[in-house]
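All figures in this text were calculated on a predicted structure; none of them were measured in a lab. Convention: sequence-line order gives letters A, B, ...; per-chain numbering from 1.
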Amino acid sequence: MVILEYSKVFTKKICLILLNQPLDKDYLHILWGKGTYFTHQYRSFLDHSPVVLLFCFSNGHSWRKVANETENTSLLKACADGAANHLHTITAGDRDSFLPDYISGDFDSITAEVKAFYADKGCRLIETADQDLTDFTKCLAIMLKEIQEEQLKVDAIVTLGGLAGRFDQTMASVETLHHALSMTQLPVLIIQGTSLVCLLRPQGSHSLEVNTGLEGEWCSLIPVGGPCKTVTTGLKWNLNNQVLQFGKLVSTSNTFEPVAPGDPRKPVTVTTDQPLLWSMGIRKNGDDTE
Amino acid sequence: MDEELTPLDCLLPSGTQKICLILLNQPLDKDYLHILWGKALLKACADGAANHLHTITAGDRDSFLPDYISGDFDSITAEVKAFYADKGCRLIETADQDLTDFTKCLAIMLKEIQEEQLKVDAIVTLGGLAGRFDQTMASVETLHHALSMTQLPVLIIQGTSLVCLLRPQGSHSLEVNTGLEGEWCSLIPVGGPCKTVTTGLKWNLNNQVLQFGKLVSTSNTFEPVAPGDPRKPVTVTTDQPLLWSMGIRKNGDDTE
């Protein structure tokens, strides 16, 4: 059984993986400098307490304010192969503030110029030639190893990219999340555009806090990989021991249980007997929640 | 029941497939639109797709009038709705909350194909693979529903990806020599484990089980052949619905 550590603290640490997709500048700035400005409540699953998935972005702060105030405290940052090209492009003018700890992959996407740039700056280049695993899976494996070797206290791995572009690579990202279940107990989140994706383990129950103010209007439970007997609360359309399965029932365009104006949303709770993909919308350029 | 399919025939100007076209609520690729529209026996927009159609056909809108626009009409703008209504396009409101606009649009199309006794080889859908992640997955769910709605192949195309769900009966033979094929292909067991046999791929499956968490075939490619030789067909047999996906060459070399 999975027991999540109890900790109610006001600083949480993430590690960041960038995949080979165009980067969102706001997301990058916040996640890169992350560490100090959000709360995260993780309690034992026995208490059915909230897990704040969008904790990595904000604690009720506006985007701009967080970006201006954060120090460079994100624990580890890595690029999977061609992600380095996107990082190099989007950080023009301030590249020294955005040097990854390592770049890994089979290096068939990173350009020679970008590779040389980061090598000169002292970033490690870790070539991983294994053809059976994707760059993402290999990058994650290295990160988990470093977390363990350096005995870092990490609460989640956040990934930027992986949900757009080639369809097979989007599916490969989902496959990496499945592998991650046996590689680590840490949540592994993927964010791109206005979507967040996270694979829920089949043990215990999950309680998702959805009151950061950054939640979009939609959420979804997708049984990628096989049928999931599911129970939920906190959704507009809840599941009551129903089986989610492609061809029968997939919960898309769901949303949160309505509450009285001014009231916080209730947590979304999910129990499943097989790994179940949670996906939700991220509000972009929305109102500040100060 | 064996199937022979050339997935990218629909994008080939010299292609022979008779198709019907569904547009989903995503930015439209102009090249794809022009080729597919010219071939399609029926053309429909699912709700907000009409907004994109209206935008991208500015200056020549009369040449791109859909047969119908269906959906719950929560995405189409009032202006666009009025424009197409004035032009005589049917507006079919489908309020069913349990089915997506795509599924409902497909149902209407299949009904019209049957009523008009049209000879159709495939339904081609533009959009559905980008944007909100849940809606991409909903498109895949529609493909699953389609298996029981029709025997016709239902293809989804957006960007440089094509997606098509292979039925568990019989074997599938996919012709991949149009010259429009990209470099990658993929077999994705989205709904559950699939015992799979393939030929014609670089990494074939020999009665192996594809399953998330164990084995998913992504970044696969076609079996290499001698220069100048045509590729062999890709054949696939599966015991459960299995998602085939492949790359589309864009702005590449002509193969004439």
* To do: Compare all side-chain heavy atoms of A/Leu177 with those of B/Phe212 and state whether any distance is below 4.5 angstrom.
  => no
* Indicate yes or no: at least one non-hydrogen side-chain atom of A/Thr194 is less than 4.5 angstrom from one of B/Phe133. => no
* Toward chain B, the part of A/Ser195 with a non-hydrogen atom under 4.5 Å -> side chain
* Of the backbone (N, CA, C, O) and the side chain (C-beta and beyond), which part of A/Thr170 lies under 4.5 Å from a heavy atom of chain B, both, or neither? -> side chain
* Structure fact -> Most heavy-atom pairs under 4.5 Å with chain A, out of B/Val163, B/Leu165, B/Leu210, B/Leu187, belong to B/Val163
* Top residue by heavy-atom pair count (under 4.5 Å) with chain B, among A/Ala180, A/Gly225, A/Ser279? -> A/Gly225
* Asked: Does any donor atom in the side chain of A/Arg166 or B/Ser219 lie under 3.5 Å from an acceptor atom in the other side chain?
  -> yes
* Most chain A-contacting option - heavy-atom pairs closer than 4.5 Å, from B/Val140, B/Leu243, B/Leu129, B/Leu147 -> B/Val140
* Return the option, out of B/Gly213, B/Pro189, B/Pro193, B/Gly131, with the maximum number of heavy-atom pairs under 4.5 Å with chain A. => B/Gly213
* To do: Taking the side chain as every heavy atom from C-beta outward, state whether B/Met137 and A/Val224 have any pair of such atoms under 4.5 Å apart.
  => yes
* Structure fact -> On a heavy-atom basis, the closest approach of B/Asp134 and A/Ile222 is CA-CD1, 4.5 Å
* Structure fact -> Given B/Gln240, B/Glu141, B/Gln158, the one with more heavy-atom pairs under 4.5 angstrom with chain A than any other is B/Glu141
* What part of A/Ala172 is in contact with chain B, defined as an atom under 4.5 angstrom from a non-hydrogen atom: side chain, backbone, both or neither? -> both
